[in-house]
Amino acid sequence: ERMKMMRTHGVSGSTLKLIAVVTMLIDHVAATVIARMLFTGQGTQMLWRIYFGMRDIGRIAFPIYCFLLVEGFDHTRNRRKYALRLFLFALVSEVPFDLAFGSTFLEFGYQNVFFTLLIGLLTIMAFDAVYEKQEWHVAVRAVLLAVIAVGGMGLAYLMHTDYDAKGVMVILILYLTRKIRGLQILAGCLAFCWWELPAIVAFIPIAFYNGKRGLNIKYFFYAFYPVHLLILYLICLCMGTAGVAVV
């Protein structure tokens with residue numbers, strides 16, 4: 001009866017996305033607008049505290065995006081289209097990302113989070129393809145899975161994507177434990193504990209996820225990322241601080 005109530009009254013996928021969007025926005029306001037104020041000597045002790053508090057709140061977003069990526073992997077009708085969509089938005093987002101954080105039109109020293117999510121998706125797609133080959137020897141599959149994991153994390157590291165290898169590792173962990181929600185939450189918390197402790201707060205709303213999609217505003221969440229980064233850059237431009245790189 002309790003589980004039935006959770007499925008009915010719990011947190012939908014769109015609600016999780018809204019939580020991720022709001023916390024990401026808070027993080028990015030701090031990382032772009034406020035960071036530039038601090039770096040140009042306009043900061044006070046209070047502003048530094050606000051900055052660090054907003055960055056901590058922002059840590060909530062990424063675990064939710066990773067969790068929803070794994071959910072999308074399990075429930076999408078076409079995984080290739082899902083991957084293509086991530087790739088297209090990664091390309092579209094790169095210029096706004098570079099402007100917002102690097103104060104340059106295009107540079108390749110640090111890539112936006114869509115690339116991390118894309119590499120994570122491709123990695124678990126490859127994992128799934130190997131799992132399906134039940135006729136293969138267990139040792140062969142084990143070696144292939146290890147190569148895929150190292151390859152996915154290595155690619156994110158070499159590309160310098162947002163959250164790099166650690167982000168792909170988290171996606172893999174959430175994928176491997178997805179059949180048991182409690183284990184998935186525990187594994188996710190442990191994964192973030194050693195490098196980004198505030199992020200574990202994200203697993204509170206994830207624990208109440210009811211498996212329902214919620215509002216069908218998928219493309220709003222995709223478009224929000226490049227659009228809000230561009231707006232934040234324009235705000236910095238108006239403030240006269242846009243020329244200061246923050247990454």
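Atom set for the values below is all heavy atoms of this structure, side chains included, hydrogens, waters and symmetry mates excluded. Sequential numbering from 1 along the given sequence is applied to the chain's residues.
Scanning for side chain to side chain contact (heavy atoms under 4.5 Å, CB included) contacts around Leu155 gives Ile119, Met159, with sequence neighbours left out. For the side chain to side chain donor-acceptor pair (under 3.5 Å) test, residues two or more places apart in sequence or in another chain that qualify with Thr116 are Thr161. Every residue two or more places apart in sequence or in another chain that forms a side chain to side chain contact (heavy atoms under 4.5 Å, CB included) with Ala165 is listed here: Met153, Tyr157. For Thr76, the side chain to side chain donor-acceptor pair (under 3.5 Å) criterion is met by no residue, not counting sequence neighbours. In terms of the side chain to side chain contact (heavy atoms under 4.5 Å, CB included) criterion, residue partners of Leu99 (sequence neighbours excluded) are, by chain and number, Val95, Leu230, Tyr233. Shown here are the salt bridge (charged side-chain N to carboxylate O under 4.0 Å, His left out) partners of Asp162, two or more places apart in sequence or in another chain: there are none. Residues satisfying the side chain to side chain donor-acceptor pair (under 3.5 Å) criterion with Thr177, sequence neighbours excluded, are absent altogether.
Side-chain atoms of Asp164 do not come within 3.5 Å of backbone N or O of Ala156 as any donor-acceptor pair.
Aromatic ring orientation, Tyr51 versus Trp48: perpendicular (interplanar angle above 60°, classes split at 30° and 60°). Aromatic ring orientation, Phe224 versus His228: parallel (interplanar angle below 30°, classes split at 30° and 60°).
Just one residue in the list Tyr65, Phe89, Phe220, Phe114 forms a ring-ring contact (aromatic ring centres under 6.0 Å, His included) with Tyr225, and that residue is Phe114.
Within the structure, no pair that satisfies the salt bridge (Lys or Arg N to Asp or Glu O under 4.0 Å) test touches residues 30-52, not counting sequence neighbours. Residue pairs meeting the salt bridge (Lys or Arg N to Asp or Glu O under 4.0 Å) criterion with at least one member in residues 74-101, sequence neighbours excluded: Asp74-Arg178, Arg79-Asp128.
Between Phe108 and His160, a ring centre-to-centre spacing not shorter than 6.0 Å is recorded. Taking the six-membered ring for Trp and the full ring otherwise, Phe62 and Tyr163 have centroids separated by under 6.0 Å.
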Scan the side chains in residues 16-25 for donor-acceptor partners under 3.5 Å anywhere in the protein, sequence neighbours excluded, and list what turns up.
unit_1 : atom_1 : unit_2 : atom_2 : d
Thr23  : OG1    : Ile19  : O      : 2.8
Thr23  : OG1    : Ala20  : O      : 3.1

Run the side-chain donor-acceptor check on residues 182-198: report pairs under 3.5 Å with partners two or more places apart or on a different chain.
unit_1 : atom_1 : unit_2 : atom_2 : d
Gln184 : NE2    : Leu174 : O      : 2.9
Trp194 : NE1    : Ala191 : O      : 2.8
Trp195 : NE1    : Ala191 : O      : 2.8
Glu196 : OE2    : Arg59  : NH1    : 3.3

- Worked check of side chain to side chain contact (heavy atoms under 4.5 Å, CB included) between Leu121 and Met125: CA-CA 6 Å; Leu121 177 62; Met125 284 172 66; 3.9 Å; yes
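Alongside Val143, the hydrophobic cluster contains Val147 (criterion: ILVMFWY side chains under 4.5 Å).
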